[in-house]
Amino acid sequence: MLPYPAPMVELDTLVSLCKRRGFIFQSSEIYGGLGSAWDYGPLGVELKRNLKDLWWRDNVHRREDMVGLDAAITMHPKVWEASGHATHFADPFTGCQDCGRHYRADKQDEASQSSKWIQAIRKVIEGPAGQKDPDRALRNWARSDGKKLAPNLPWVKNPDDPAPIPNRPEWLNGRCPACGGSLSEPKPANLMLRTTLGPVEATGTVIYLRPETAQGIFVNFDNVLQATRKKLPFGIAQIGKSFRNEITPGNFTFRTREFEQMEIEYFCAPGIDEEWHQKWIDERHAWYLRYGLRNENLRLREHAKDELAFYAKRCVDIEYLFPMGWSELEGIANRTDYDLKQHAKVSGRPLTYFDEERKEHIVPYVIEPSGGVDRAALAFLINAHHEEEVRGEKRVVLKLHPELAPIKVAVLPLLKKRDDIVSCAKEICAAMRRRWAALYDDSAAIGRLYRRQDEVGTPYCVTVDVQAVGDPEKGEAADRKVTIRDRDSMEQIRVPIAELTDVFPELLAGGWNRVATRYPPHAPGS
RNA sequence: GCGGGCGUAGUUCAGUGGCUAGAACGUCUCGUUGCCAACGAGAAGGUCGUGGGUUCAAAUCCCAUCGCCCGCUCCA
């Protein structure tokens, strides 16, 4: 769809366009803004809906092995005990007071001991000079390598201080692994957003806003199984908001504390899980390509063993090359039977599937393709943004896939002073609006109207000119034909008004080239 | 959370103690033109992020606060 590489848009440029044209606004802007929250404006909401609708259509409606679900954001507190979030999402953190780095308190000693500067110190102490006079050897190190490796160790800062230097590595626990600075007391960190259920705060139940939509699917596994009589393998899809107290939100809508997920939990028999995992990786990768993400800006990244979440057997991220670097769009994990087993254990309810062939109850394995809606929307916007030179002028154009574009067609009068042209254009727009997001605009010259639509990614413009309605003064009859202009090529064809609604489904499926061969090109000025 | 940078019109920015805070683009109106950001005339739009302080006088200096960006860090 996009045959040539384009320089990547700066995030600031995109933020500005998004605000100017009504894609994305900062949350609560009139009050100075709320960090980490963004509102989708009139065009943004269309883009996001299109994205979710396509995902739902492709992953639920067009597959016989998938059903949908919409679980509540608030869930029983036990859910998070069973899932592991209550413990794994609430680790105490400690921070370096000199360089600001954060560490999980329970892993900090381990990190210190494997840090570069402690290993360097260990070498110094164990070396010949260290065996002879550790204090002197360490002072020498502090004046040389120590300055680079651990600049914030007190005795590296002041190597002339006569106080003895601790000369056993384990005495140095509690220093920052990166710079040697002093660490704060561990503070409890809860990455789940907490609130109270019930109007009276003092007596209300403390609950959490879900940090992922997945658990809503797991706790409904048996309900869905009973209601739909699905057989393995099958999946449950869900789109919805999740919440996390991210330590560092930022990069526009990429990381926010409130975000929307589109998740699938695909249940299959143990033994065929690896095969299904690979199928979903391929399927999801192809999906992003299908709607136009450039192949060279998309990659799969296999999680290393030590990077895997404790429940996962394998995990592959689909990453996009954002302006800030390669970042995750979607993670596809093999969660094994961990979640169903945990919920069965904590709830006391069996969450199993009766395998007719084996005549036994089994706990299915789960493949989880989990994508971020906001991240995908951002990636598609970045991917679509182009700046081109047309007749010495800059043209900004969002080359969004037609199915993602917020507005599918703009109907424009060539002359806004001619009532017959205007009313004809308005009639066409009304007819188009019955099926697609269509827009009428007559507030500027035609060139400007085209560029406005380019900037918001409208794939096609329909223009009503004099020939369409005829010119009584010159005795010319109406030909009842209008021009359709293609956003990306700026080419135009001349199509009978009566055939517009037949042609547009094909155009919106990306079929400009096919349609353009069936109609005569329109030569402006003729 | 730490370090650095920044916050002035819808957008991009100028203005560093002194008249009614400006420009470009965008938006709107009128006229003209009529197929790729045309031209002319006019208009709207800012308590200079917010709060406090210093001063005869603050967009400008100081403090606090909020937000954004970059880096570090964290990330189911």
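Convention: sequence-line order gives letters A, B, ...; per-chain numbering from 1. Below, all heavy atoms of this structure are taken into account, side chains as well, without hydrogens, waters or symmetry copies. In this text, all values refer to a predicted model and were calculated from it rather than measured experimentally.
A/S16 comes within 4.0 angstrom of sugar-phosphate atoms only, judged by non-hydrogen atoms across all strands, and of no base. Across all strands, A/K394 comes closer than 4.0 Å to base atoms (heavy-atom distances). Within the 4.0 angstrom heavy-atom criterion, no nucleotide atom of any strand lies near A/F259.
Regarding A/D454, its CG atom lies at a distance of 8 Å from the C1' atom of B/C36, rounded to whole Å. Straight-line distance from the CZ atom of A/F23 to the P atom of B/G10: 20 Å, rounded to whole Å. Distance, A/R255 CZ to B/G71 C1': 14 Å, rounded to whole Å.
Counting atom types as modelled, A/R244 pairs no side-chain N or O with a base atom of B/C75 as donor and acceptor under 3.5 Å. Residue A/R395 places no side-chain atom within donor-acceptor reach of the base of B/C36, judged by atom type and a 3.5 Å distance cut-off alone.
Not counting sequence neighbours, the partners of A/F221 by the ring pair (Phe, Tyr, Trp, His ring centres under 6.0 Å) test are A/F267. For A/P520, the side-chain contact (heavy atoms from CB on, under 4.5 Å) criterion is met by A/R494, not counting sequence neighbours.
Close to B/C28, at under 4.0 Å from its OP1 or OP2, lies a side-chain N or O of A/S443. Of the side-chain N and O atoms in A/R448, one or more sit less than 4.0 angstrom from OP1 or OP2 of B/U27. Close to B/U11, at under 4.0 Å from its OP1 or OP2, lies a side-chain N or O of A/K19. Proximity of A/R452 to the phosphate of B/U27: a side-chain N or O atom is located under 4.0 Å from OP1 or OP2.
With respect to the salt-bridge test (charged N to carboxylate O, under 4.0 angstrom), the residues A/E258 and A/K241 qualify.
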